[in-house]
Amino acid sequence: MSSTPKIIYTLTDEAPFLATQSLLPIINAFTGTAGIAVETRDISLAGRIIALFPEALKDNQRIADDLSELGQLANTPEANIIKLPNISASMPQLKAAIKELQQQGYALPDYPDEPKDAHEKDVRTRYDKVKGSAVNPVLREGNSDRRAPPSVKNYAREHPHRMGAWSADSKTRVAHMDHGDFYGTEKSALIERAGNVSIEWFGKDGSHAVLKAKTALLEGEIIDGAVMSKRALAAFIDAQVADAKAKGVLFSLHLKATMMKVSDPIMFGVAVSEFYRDALAKHADALKQIGFNPNNGIGDLYARLGSLPQDQQAQIKADLQAEYAQRPALAMVNSDKGITNLHVPSDVIIDASMPAMIRDSGKMWNAEGKLQDIVAVIPDRSYAGVYQATIEDCKAHGAFDPATMGSVPNVGLMAQKAEEYGSHDKTFQMAGDGTVKVIDDAGKVLLQHEVEAGDIWRMCQAKDAPIQDWVKLAVSRARLSSTPAVFWLDPKRAHDAQVIKKVERYLKDHDTSGLDIRIMDPVAATKFSLERIRKGQDTISVTGNVLRDYLTDLFPIMELGTSAKMLSIVPLMAGGGLFETGAGGSAPKHVQQFVEENYLRWDSLGEFLALQASLEFVGEQTGNAQAKVLARALDQANGKVLDNNRSPARKVGELDNRGSHFYLALYWAQALAAQDDDAALKATFAPLAKALADNEAAILAELNGAQGKPVDIGGYYHPDMDKVGRAMRPSATFNAALATLSKG
Ligand SMILES: NC(=O)C1=CN([C@@H]2O[C@H](COP(=O)(O)OP(=O)(O)OC[C@H]3O[C@@H](n4cnc5c(N)ncnc54)[C@H](OP(=O)(O)O)[C@@H]3O)[C@@H](O)[C@H]2O)C=CC1
Ligand SMILES: O=C(O)CCC(=O)C(=O)O
Ligand SMILES: [Mg+2]
């Protein structure tokens, strides 16, 4: 029954990586007392890059491909993985990481923008494996259960975060296309027998290309194809640019260029090309010569200008400035540094950017550093309506009130690369006019679209077993929490219409008596859930993969101020557990603040919650009773961190991430010393609890005393572990107290 319990803790990037260097020593010290091993695996962007090129590196630089190992582990019942947020790299981020590693002495090849030979093609293929969202889809071999635990929700009710006021005359709105988008062109097929399909393009001129030779499909799987017309998109962007100018609102574009790493950078590029059209046309030859690619954002142009003669650089910059003068104002990412929404495709990511805007009175920052109404351009219609409905609700009823509002937990279809988020390897930009066909083994055409050069065509898959598992998870969450559950599915979408049939069928496999389970289209579901949320009522959202992502930032950011405070569990279909920490990302601006002033405001509550769930799972998996005791005590400690307001603040001089970790250790040790379920743990932790309490003032002085000056961590993507370790553990008193645990 029992084997050596093992938890895998992932090393990632940016703020969560820094936080780990302070938190992990605490976790190791505590779990070690119960014989639980916590091992780390490196899935950082830098780590994944290094693992790609063993042959180019010195022996002491090589590292294993930890992500592949974890991908395999996720398909076994033994998996118990704590997954922190990681960078899903855009092109500019990938190149910056490669450059940093080269400067550190890693003999990595450059990223070949235009591979010239077989070797360069191979290099590019390898790099493309770590681009975009390359981690989550590998590990997420289950569906997701994301919610705010009661202690967190209660804390938010008692200490509501600031919400920007909304006024009825806000000019903010969402703009989406009305034809030629993925929504309007989607076609779907249900696979009756397992087999393979090929994706092929037939040119109008008689030419032919196999886009993807083989995609294996299972019985009962749903596939769909859809196309985004480049022409329709460009015309739409153009109209929105003009409309934003006329209405005096900020132009802003909200995409998911990280997760949708093939389609969305192209769409981003169309917007950049339209917005800066005149200047880009005037300098087309020079820009081609320096290799500017609008898909990487206008920042890519500035980054490459240096290789041109000074006067030409000045001319291009002047023409870009002139473009700004005749265009609407752009939403800014960093107004102090002049970084706009169109600079880098990964700076404005829809799941976080839209909720943050809604939290801030429906406004974004303008070039003067002031908040202003916006048009939120979300080209595809599939999910844009959710945000428009939310905006309308805020205009009609004012901002949401975290003190009284209900909650919208989520059950998300995610397993086996479901839906759009698994479509990268089946997404193509069309080389010419023609037809795309999906053809099965028997030669039957399952899906077919007319396309034009430049259009984006994609195919998505959703397998039957994950759908069955998702329906089961939804029913079980509805039952366990006695909460109505709504499937957000749009009967007008070809894909959703198929899913609806399956949901209706699989709901019959479960006892749903007394449960309130509905199927509504996303806009109706938004309205229904918001009406209830304003009355303080909870409603489970049961959604596909994209809405899982969008809603688990939208609702937590309104309810809790941040999605870092979510419990985010993935019961893996093979029986293991994946515990994600929060639902947000890796917050790059937290690292900036840290290196400038040695203050880390990352809130590790998501990590605390994931660890608690993971320890509980160890208890169930292996029968380790001490794991359950540790988990129960951690639950109490988490509650106390909240009740006593020991989460990180935002400014130097206040408690930061490290200080909040100290309090977690103190409360966890106290809870273990106070419990009577396990005498050995009680005896082990009583002295630590006393030592930490006695030295509270000294430890805080050491932790907070480190703040306020710049700190060198030896790199951004690949920091120096020793330097980070020292920076993140500045209290000798605290470190010494923790060390007593391992001495027994
Ligand atoms: N699961 C994953 O691996 C995910 C990874 N990402 C990656 O993260 C990066 C940044 O993405 P982005 O969309 O900007 O989203 P983030 O969630 O990183 O940032 C948005 C904002 O959320 C708040 N926030 C998020 N987490 C915390 C936390 N733990 N403590 C305190 N505040 C927090 C901060 O806002 P404020 O200061 O306003 O409070 C932050 O500026 C990208 O590289 C992206 O690919 C994104 C999503 C999920
Ligand atoms: O994997 C990614 O790129 C982002 C994932 C994400 O935003 C989420 O799971 O909420
Ligand atoms: Mg997200």
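In what follows, every heavy atom counts, from backbone to side chain, and hydrogens, waters and symmetry copies are set aside. Ligands are counted one by one from 1 in listed order, and the atoms in each one are counted from 1 as well. All residue numbers refer to positions in the sequence shown, counting from 1.
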If you have a sec, work out which protein heavy atom is nearest [atom] and how many Å separate them, to one decimal?
atom                    : value
atom 3 (O) of ligand 2  : S88 OG, 2.5 Å
atom 4 (C) of ligand 2  : K256 NZ, 3.7 Å
atom 5 (C) of ligand 2  : N136 ND2, 3.6 Å
atom 10 (O) of ligand 2 : D549 OD1, 2.8 Å

**Message:** Could you check whether D549 pairs with K256 (Lys NZ or Arg NE/NH1/NH2 to Asp/Glu carboxylate O, under 4.0 Å)?
**Reply:** yes
**Asked** Can you list, by chain and residue number, every protein residue with a non-hydrogen atom closer than 4.0 Å to ligand 1?
**Response** K83, P85, N86, I87, S88, N136, T258, I349, A352, R359, T562, A564, G584, G585, S586, A587, P588, K589, H590, R601, W602, D603, R650
**Asked** Side chain, backbone, both or neither: which part of A583 has a heavy atom under 4.0 Å from ligand 2?
**Response** backbone
**Fill in**
Going by the 4.0 angstrom heavy-atom rule, the piece of R548 near ligand 2 is side chain
**Asked** So which of V344, I87, D347, D13 actually passes side-chain contact (heavy atoms from CB on, under 4.5 Å) with Q93?
**Response** I87
Are the side chain of [X] and the backbone N or O of [Y] linked by a donor-acceptor pair below 3.5 Å?
X    : Y    : answer
N341 : L253 : yes
D66  : D42  : yes
H718 : G715 : no

**Prompt:** For the atom pair NZ (K370) and CH2 (W365), what is the distance rounded to the nearest 0.5 Å?
**Reply:** 10.5 Å
Just by distance, with hydrogens left out, do [X] and [Y] show a side-chain donor and acceptor under 3.5 Å apart?
X    : Y    : result
E580 : S568 : no
N410 : R477 : no
N545 : Y550 : no
H343 : T340 : yes

**Request:** Run the contact test for R146 against ligand 2 with a 4.0 Å cut-off on heavy atoms, strictly below, and give the result.
**Result:** yes
**Message:** Contact between ligand 2 and R140 is defined here as a heavy atom of the residue under 4.0 Å from a ligand atom; is it met?
**Reply:** yes
**Message:** Given a threshold of 2.8 Å, state how many protein N/O/S atoms are nearer than that to the Mg ion (ligand 3).
**Reply:** 2
